Amino acid sequence: MQLFEHNPIKIYNSLSGKKETFTPIETGYVGMYVCGPTVYSNVHLGNVRTFMSFDMVFRYLKHLGYKVRYVRNITDAGHLENDADAGEDKITKKARLEQIEPMEVVQRYTVDFHNILNTFNFLPPSIEPTATGHIIEQIELISTIIENGFGYEVNGSVYFDVHKFNETHEYGKLSKRKLEDLIHNTRELDGQSDKRNPQDFALWKRAEPQHIMRWPSPWSDGFPGWHLECTAMSTKYLGEQFDIHGGGMDLKFPHHECEIAQNEAAKGKSPVNYWMHANMLELNGQRMSKSTGNTVNPDELLSGNNDFFSKAYAPSVIRFFIAQSSYRSVLDLTNDGLLASEKGFYRLMDAVNLLEKLEVSKASTININAWRQSCYDAMNDDFNSPILIANLFEAAKYINQIKEGKETISAEDLATLTNTMNIFVFDVLGLENVVKNDSGTDKLTGAVNVLIKLRQEARANKDFALSDKIRDELAEAGILLKDGKDGTTYSVN
RNA sequence: GGUGUCGUGGCCGAGUGGCUAGGCUCAGCUCUGCAAAAGCUGCUACAGCGGUUCGAAUCCGCUCGACACCUCCA
């Protein structure tokens with residue numbers, strides 16, 4: 001009996017605009033695709049938030065016993081700056097600026113991306129395919145779309161015929177747009193003469209002579225359009241229809257809309273059963289933007305080397321901060337918010353670290369199984385991590401009360417409590433236990449315990465000047481003493 | 001201009017018809033030699049105006065405001 005059998009999940013499906021009970025295509029198996037980063041610069045913090053949301057989805061599905069194939073691509077072929085562009089893409093542009101090969105850019109920022117995600121304790125996806133590794137699949141896909149009458153070639157470039165597609169299909173059904181409205185609201189851009197209509201999008205672009213990233217194709221030496229790779233790779237690794245497709249809210253249109261169109265044009269099927277979109281991350285109430293300077297890199301946030309925050313924050317504190325809001329809400333990154341989360345996070349960790357020191361009684365004063373189920377209920381409801389965390393704090397309070405002798409717990413319930421806390425805090429939320437506690441084995445513990453003992457002797461002799469000196473100087477060194485009923489413990493800042 | 005999301009207490013942030021999360025901050029208390037930590041208590045909110053209902057933060061309408069997308073963007 002797997003956990004998922006009695007834990008039905010509800011997922012907010014962007015396609016229907018409603019929460020729907022999740023039913024995978026194959027019982028026990030989940031195929032999930034998330035649009036990955038374009039590796040032309042350091043990974044954006046907003047990217048981190050989006051991927052972290054899906055990391056928690058991945059973690060929870062795995063915990064429930066699903067066999068999950070999680071595919072998150074690396075876009076290394078470069079998107080066009082815009083459709084009117086003569087052919088220089090982001091990666092080529094960056095390469096020219098930095099006087100290096102495009103693939104060098106890709107390599108550098110792919111490594112950066114992985115480093116940052118490792119720092120934040122991400123689980124690696126099952127498959128992390130690259131766009132440049134799937135040129136052949138993309139060319140085949142274009143051929144099929146042309147054969148089916150939804151693509152046309154002009155001057156070595158191939159475009160998707162949105163108007164033709166819309167005659168028999170519904171372009172805009174994900175983003176709730178109508179082609180008519182799009183026609184009225186599309187700006188006239190220069191250099192679009194190749195397209196039959198401004199709403200059409202590129203499937204293949206002929207490369208200009210100076211363009212370094214290029215591949216041969218039936219139409220020209222060129223490169224694939226920027227919506228195509230996700231269709232090609234999701235189909236290859238998850239099939240023509242799969243369970244969950246995720247990404248940032250800003251990809252809903254046009255990127256995901258075009259993915260649906262390409263799939264339907266090529267395979268005649270709508271590819272995805274559940275579309276999930278993570279909302280935006282703001283910095284001090286405004287969108288992050290490099291041009292206005294209202295932006296901070298992940299490594300700057302972690303190191304404290306920035307103009308926005310008063311200090312450096314641990315990766316788990318940031319993870320905790322993000323988990324305290326719903327993935328579907330806009331989240332505002334502020335110093336006050338991070339400070340509040342930091343305090344809460346360490347309080348939670350302190351409680352977790354107390355678990356192994358609790359004394360058991362014959363009976364428990366709370367219903368631990370009901371509490372445990374409420375943790376599952378929270379995550380089953382569209383991965384509601386804020387509610388889950390509220391439940392974890394309920395447990396923290398209970399743990400502290402047990403320690404104070406105000407509540408009791410049985411040995412069996414303590415095992416359940418410990419197990420459940422570990423599951424949700426570490427396995428599902430992906431937090432790391434950064435609080436060093438006195439495990440009684442390392443040398444620091446020995447040394448601090450000597451000082452604690454000296455202080456206790458001083459206190460017994462009413463030499464409070466000495467005892468306070470020990471306490472205060474340890475505090476300055478980052479070691480906080482906590483006097484409890486059963487003696488003194490410490491924590492390291 | 002169009003489309004969409006949303007406006008919750010000092011701050012952050014859940015909650016979609018009645019039982020009204022959680023964190024942080026602040027005040028008081030318990031504990032303590034004093035602190036810290038922990039516990040207890042208090043502060044009780046849903047942008048505004050109408051409407052539906054026995055009952056609305058939650059549904060409907062309007063107004064005001066914010067954000068995102070419509071162009072590369074997670």
Side-chain angles (χ1 to χ4, degrees), chain A residues 14 17 19 34-38 40 43-54 78-85 89-90 93 172 175-178 180-182 184-187 189 198 226 246-255 277-282 285-290 320-321 324-326 328-334 336-345 347-348 350-351 354 374 378 381 384-394 396-397 399-401 403-407 459-460 462-464 467-468 471-472 475 480-485 488-491:
Chain A
S14 302
K19 280 185 195 172
V34 172
C35 292
T38 304
Y40 68 101
V43 62
H44 186 93
L45 251 185
N47 262 353
V48 172
R49 189 220 178 170
T50 297
F51 298 145
M52 200 175 276
S53 299
F54 290 107
H79 294 169
L80 291 176
E81 286 285 321
N82 59 56
D83 278 354
D85 197 283
D89 64 45
K90 282 182 181 174
K93 188 175 181 182
S175 54
K176 316 283 192 284
R177 281 160 218 266
K178 295 204 181 330
E180 245 175 64
D181 298 336
L182 291 172
H184 293 311
N185 291 307
T186 303
R187 277 186 301 168
L189 294 170
W226 69 280
M249 197 76 96
D250 51 349
L251 289 185
K252 208 183 208 181
F253 187 90
H255 185 59
H277 288 97
N279 218 321
M280 300 291 106
L281 180 70
E282 295 180 349
Q286 295 193 306
R287 66 165 292 185
M288 290 197 199
S289 159
K290 278 179 192 164
F320 187 71
F321 173 77
Q324 272 188 302
S325 84
S326 151
R328 288 199 286 128
S329 298
V330 174
L331 177 60
D332 191 13
L333 188 67
T334 62
D336 286 349
L338 285 171
L339 282 173
S341 287
E342 184 179 50
K343 290 200 74 164
F345 171 71
R347 198 164 90 82
L348 186 63
D350 284 345
L354 271 178
S374 70
D381 183 13
N384 196 327
S385 52
I387 296 288
L388 169 64
I389 288 172
N391 281 304
L392 298 180
F393 275 112
E394 291 295 326
K397 191 171 178 177
I399 291 165
N400 285 323
Q401 285 173 327
K403 178 159 179 282
E404 291 207 347
K406 290 178 176 171
E407 305 278 0
R459 292 172 73 199
K462 303 233 186 274
D463 184 357
F464 298 122
S467 68
D468 287 354
R471 182 178 68 199
D472 295 343
L480 295 179
L481 298 187
K482 299 172 186 175
D483 295 333
K485 231 176 71 180
T488 301
T489 58
Y490 75 95
S491 66

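Everything numeric in this text was worked out from a predicted model, so none of it was measured. Each chain gets a letter, A, B and so on, in the order its sequence line appears, and its residues count up from 1.
Nucleotide B/rU16: unpaired (no Watson-Crick or G-U wobble partner with both distances less than 3.5 Å). Base pairing of B/rC6: its partner is B/rG65, meeting the Watson-Crick or G-U wobble criterion (both donor-acceptor distances under 3.5 Å). Pairing of B/rA21, defined by two Watson-Crick or G-U wobble distances under 3.5 Å, is not identified with any nucleotide. Nucleotide B/rC29 forms a Watson-Crick or G-U wobble pair with B/rG39, both donor-acceptor distances falling under 3.5 Å. Pair assignment for B/rG1: B/rC70, on the basis of Watson-Crick or G-U wobble contacts that are both within less than 3.5 Å. The base-pairing partner of B/rU44, taking Watson-Crick or G-U wobble contacts with both distances under 3.5 Å, does not exist among the strands shown.
To the nearest angstrom, C1' of B/rC73 lies 7 Å from CG of A/Leu251. Look at CZ on A/Arg177: it is 16 Å from P on B/rG1, rounded to the nearest Å. Computed from coordinates, the A/Glu407 CD to B/rC40 C1' distance equals 12 Å when rounded to whole Å. Following rounding to the nearest Å, A/Lys397 (NZ) and B/rA38 (P) show an atom-to-atom distance of 13 Å. Taking atom NZ of residue A/Lys403 and atom P of nucleotide B/rA38, one finds them 10 Å apart after rounding to whole Å. Atom C1' of nucleotide B/rC73 and atom NE2 of A/His255 are separated by 11 Å, given to the nearest angstrom.
Here, B/rA21 and B/rC29 have their C1' atoms 25 Å apart, quoted to the whole Å. Nucleotides B/rC11 and B/rC26 are separated by 11 Å at their C1' atoms, to the nearest Å. One C1' atom belongs to B/rC49, the other to B/rG7, and the distance between them is 16 Å to the nearest Å. Rounded to a whole angstrom, the distance from the P atom of B/rC24 to that of B/rA36 is 15 Å. Rounded to the nearest Å, the gap between the P atom of B/rA57 and that of B/rA45 is 10 Å. When the C1' atom is used for both B/rA74 and B/rG51, the distance is 40 Å, rounded to whole Å. Separation of the C1' atoms belonging to B/rU5 and B/rG42 is 36 Å when rounded to the nearest angstrom. Comparing the C1' positions of B/rG50 and B/rC67 gives an interatomic distance of 26 Å, to the nearest angstrom.
A salt bridge links A/Asp483 with A/Arg459: at least one charged nitrogen is closer than 4.0 Å to a carboxylate oxygen.
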Quiz item: Which nucleotides of nucleotides 4-21 of chain B have their base under 4.0 Å from a protein heavy atom (B), which only their sugar-phosphate (S), and which neither (-), written as one string 5' to 3'?
Solution: ---------SSS-----B
Quiz item: Can you give one letter per nucleotide of nucleotides 27-37 of chain B, 5' to 3': B if a protein heavy atom sits under 4.0 Å from the base, S if only from the sugar-phosphate, - if neither?
Solution: ------BBBBS
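Both A/Leu281 and A/Phe320 lie near RNA chain B, and the one whose nearest nucleotide falls closer to the 5' end is A/Phe320. Toward the 5' end of RNA chain B, the nearer of the two residues A/Leu339 and A/Met288, judged by each one's closest nucleotide, is A/Leu339.
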Quiz item: For A/Asn279 and A/Arg328, what are the C-alpha separation, side-chain angles and deciding distance, and is it a side chain to side chain contact (heavy atoms under 4.5 Å, CB included)?
Solution: CA-CA 5 Å; A/Asn279 218 321; A/Arg328 288 199 286 128; 5.5 Å; no
Practice problem: Step by step, work out the side chain to side chain contact (heavy atoms under 4.5 Å, CB included) result for A/His44 and A/Thr50. | Solution: CA-CA 10 Å; A/His44 186 93; A/Thr50 297; over 6 Å; no
Practice problem: Test A/Leu333 against A/Leu338 for side chain to side chain contact (heavy atoms under 4.5 Å, CB included), laying out the working first. | Solution: CA-CA 7 Å; A/Leu333 188 67; A/Leu338 285 171; 4.0 Å; yes
Self-check item: Pair A/Asp468-A/Arg471, salt bridge (Lys or Arg N to Asp or Glu O under 4.0 Å): steps then yes or no
Solution: CA-CA 5 Å; A/Asp468 287 354; A/Arg471 182 178 68 199; 3.5 Å; yes
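Within a 6.0 Å radius of NZ in A/Lys176, other residues, nucleotides and ligands contribute more than 12 heavy atoms.
When the side-chain nitrogen and oxygen atoms of A/Gln401 are compared with OP1 and OP2 of B/rC40, one or more of them lie within a distance under 4.0 Å.
Using a 4.0 Å heavy-atom criterion, one finds that A/Asn400 contacts the sugar-phosphate atoms exclusively. A/Glu342 comes within contact range of no nucleotide atom at all, as no heavy-atom separation falls under 4.0 Å.
Between A/Arg49 and A/Ser325 the shortest side-chain heavy-atom distance falls below 4.5 Å.
Looking at every heavy atom in both residues, A/Asn400 comes nearest to A/Leu354 through OD1-CD1, 3.2 Å. Here the closest non-hydrogen pair linking A/Asn391 and A/Ala378 is ND2-CB, 4.3 Å.
Residues satisfying the salt bridge (charged side-chain N to carboxylate O under 4.0 Å, His left out) test with A/Lys19, not counting sequence neighbours, are A/Asp381.
The aromatic rings of A/Phe320 and A/Phe345 sit tilted, their planes meeting at an angle between 30° and 60°.
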